[in-house]
Novice: 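Dumping the structure here so I can ask a few things about it.
We count ligands from 1, going down the list as the structure has it; atoms in each ligand are counted the same way. We number each residue from 1, following the sequence as shown.
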Amino acid sequence: MHVSHLSLADFRSYARVEVPLDPGVTAFVGPNGQGKTNLVEAVGYLATLGSHRVSSDAPLVRMGADRAIVRAAVVEGERQQLIELELNPGRANRARINRSSQVRPRDVLGIVRTVLFAPEDLALVKGDPGERRRFLDELITARSPRMAGVRADYERVLKQRNTLLKTAAMARRHGGRQLDLSTLDVWDQHLARAGAELLAQRLDLIAALQPLADKAYGQLAPGGGPLALEYRGSAGEAMAAASTREELYGVLLEALGEARKGEIERGVTLVGPHRDDLVLKLGQLPAKGYASHGESWSYALALRLASYDLLRSEGAPGPAAPEGGRRAGEPVLVLDDVFAELDARRRERLAELVAPGEQVLVTAAVADDVPGVLAGARFAVSEGTVRKAGP
Ligand SMILES: Nc1ncnc2c1ncn2[C@@H]1O[C@H](COP(=O)(O)OP(=O)(O)OP(=O)(O)O)[C@@H](O)[C@H]1O
Ligand SMILES: [Mg+2]
């Protein structure tokens, strides 16, 4: 698939901008702070309903405006769809697909799929577990958009359960009314049900990603590796023997039972996918805390390349392709400012690996940082204007 037109209103630094796009490579080039990343951030938003730079929508709305609009025309084979998202910080966002407003923002997921490389990716390797959880969860949603609903359910149950635990912790400290434990039992079941579904998807994803990431790392840093992706679950050792949703449900429920005393003392949920981590190993050692800067970069790139391979090989979600037909749904590759961070060899390797993509959007402050194999259309971005500057 590819985005054939991007249109923004009051998004980041743009009052209005219209950007016609073709398949193949498009580079956005211009000095720092001119709005290059803002453009590709909008494309990423269509795919994930979030930004790769900030965790809330407020910074995405142009200063002084009260809502932002991201519109895109998306071409998938013979089919074209129009998507429109209205970002209303503090209120519910709205969506339209093909001009119909009878949809939720979540229904947009799966129409645009992206794999986005950005300087922020280094945090996948060096950052907190939350970075890696977000990486996993965004990818499971790209593989299966209905998981957005499961993630939302989980978050809702977690929040309510935490409120209950907090009340119980307060009551305990101040000698108030004891918590009715049967209420907590019900919340345990809800949490374990949504949690098990999320866990099953994460484990399945990791199994699929591991060989692809290992291969990609070998291509970027020959002789390095091997990579191992190890899931570290808050439900403990018992998780190792569980893989189906039912088994994971049982493991979570039991772990919640064991954690209950501590949870009531501390007033928070201590077990579940929101407390888990993905340990990224390079050779025998965890990359976090051990890998060099360059190795960490290669690791992050390998995870993104593996994501691309996986999404491409699985095709778009939804009905299977007709017999013998090509499975549609190749994701849009976005490379935000990554070449400046890499040495010449990894720059060339990365460029060769992504060049054949159906649509590749690149940003760079310096035109010469874009490797030759990524020659294609070019836009000059300066002071909020986006002007065609190449074929
Ligand atoms: N909500 C907003 N309202 C107005 N301006 C904004 C908003 N958010 C960001 N900006 C402005 O957008 C500019 C940054 O744009 P962007 O990150 O796209 O730059 P860039 O061209 O990618 O630069 P670099 O080469 O440094 O990465 C900054 O000048 C910033 O002040
Ligand atoms: Mg930028």
Novice: Would you confirm whether any non-hydrogen atom of the protein falls under 4.0 Å from atom 3 (N) of ligand 1?
Specialist: yes

Novice: Check each heavy atom of Arg53 against ligand 1 and say whether those closer than 4.0 Å belong to the side chain, the backbone, both or neither.
Specialist: side chain

Novice: Rounded at 0.5 Å granularity, tell me how far CG in Leu305 sits from CD in Gln219.
Specialist: 7.5 Å

Novice: Looking at atom 23 (O) of ligand 1, what's its closest protein heavy atom, distance included?
Specialist: Gly33 N, 2.7 Å

Novice: Kindly indicate whether atom 30 (C) of ligand 1 is approached by any protein heavy atom to under 4.0 angstrom.
Specialist: no

Novice: For the residue pair Lys36 and Phe28, would you count it as a cation-pi contact if the rule is NZ or CZ under 6.0 angstrom from the ring centre and within 45 degrees of the ring axis?
Specialist: no

Novice: My understanding is that we take every heavy atom of each candidate and find the minimum distance to atom 27 (O) of ligand 1. Doing that for Leu60, Val381, Leu39, Asp337, which one comes out nearest?
Specialist: Asp337

Novice: Judged by atom type as modelled, is there a donor-acceptor pair below 3.5 Å linking the side chain of Gln359 to the main-chain atoms of Val3?
Specialist: yes

Novice: Between Arg156 and Asp153 (salt bridge meaning N to carboxylate O under 4.0 Å), is one present in this structure?
Specialist: yes

Novice: Heavy-atom pairs closer than 4.0 Å: do any link ligand 1 to the side chain of Val61, the backbone, both, or neither?
Specialist: backbone

Novice: Counting both backbone and side chain atoms, is some N or O of Pro59 under 3.5 Å from an N or O of ligand 1?
Specialist: yes

Novice: Pairing donors with acceptors under 3.5 angstrom, does anything connect the side chains of Glu86 and Asn88?
Specialist: yes

Novice: For Thr37, counting its heavy atoms only, list the atoms of ligand 1 lying under 4.0 Å from any of them.
Specialist: 17 (O), 18 (O), 20 (P), 22 (O), 27 (O)

Novice: Give me the residue, atom name and distance of the protein heavy atom closest to atom 16 (P) of ligand 1.
Specialist: Asn38 OD1, 3.5 Å

Novice: If you count the atoms of ligand 1 from 1 in the order shown, which ones are under 4.0 Å from a heavy atom of Gln34?
Specialist: 19 (O), 20 (P), 21 (O)

Novice: Counting only heavy atoms from other residues, nucleotides and ligands, does the tally under 6.0 Å from CZ of Arg146 exceed 12?
Specialist: yes

Novice: Enumerate the atoms of ligand 1 whose separation from the nearest heavy atom of Met63 is less than 4.0 angstrom.
Specialist: 1 (N), 2 (C), 3 (N), 4 (C)

Novice: So which heavy atom in the protein is nearest atom 25 (O) of ligand 1, and how far is it from that ligand atom?
Specialist: Lys36 NZ, 2.8 Å

Novice: Is the Mg ion (ligand 2) less than 2.8 Å from at least one N/O/S atom of Asn38?
Specialist: no

Novice: Only one of Arg133, Arg202, Arg132 forms a salt bridge (Lys or Arg N to Asp or Glu O under 4.0 Å) with Asp277, so which one is it?
Specialist: Arg132

Novice: Quick one: look up the protein heavy atom nearest atom 26 (O) of ligand 1 and list residue, atom name and how far away it is.
Specialist: Asn32 ND2, 3.1 Å

Novice: Mind checking whether Tyr154 and His274 have parallel, tilted or perpendicular rings, split at 30° and 60°?
Specialist: tilted

Novice: Is the side chain of Thr269 donor-acceptor paired with the backbone N or O of Val271 at a distance under 3.5 Å, no angle test?
Specialist: no

Novice: To check your reading of the model: name the closest protein heavy atom to atom 5 (N) of ligand 1, its residue, and the distance in Å.
Specialist: Ser13 CA, 3.6 Å

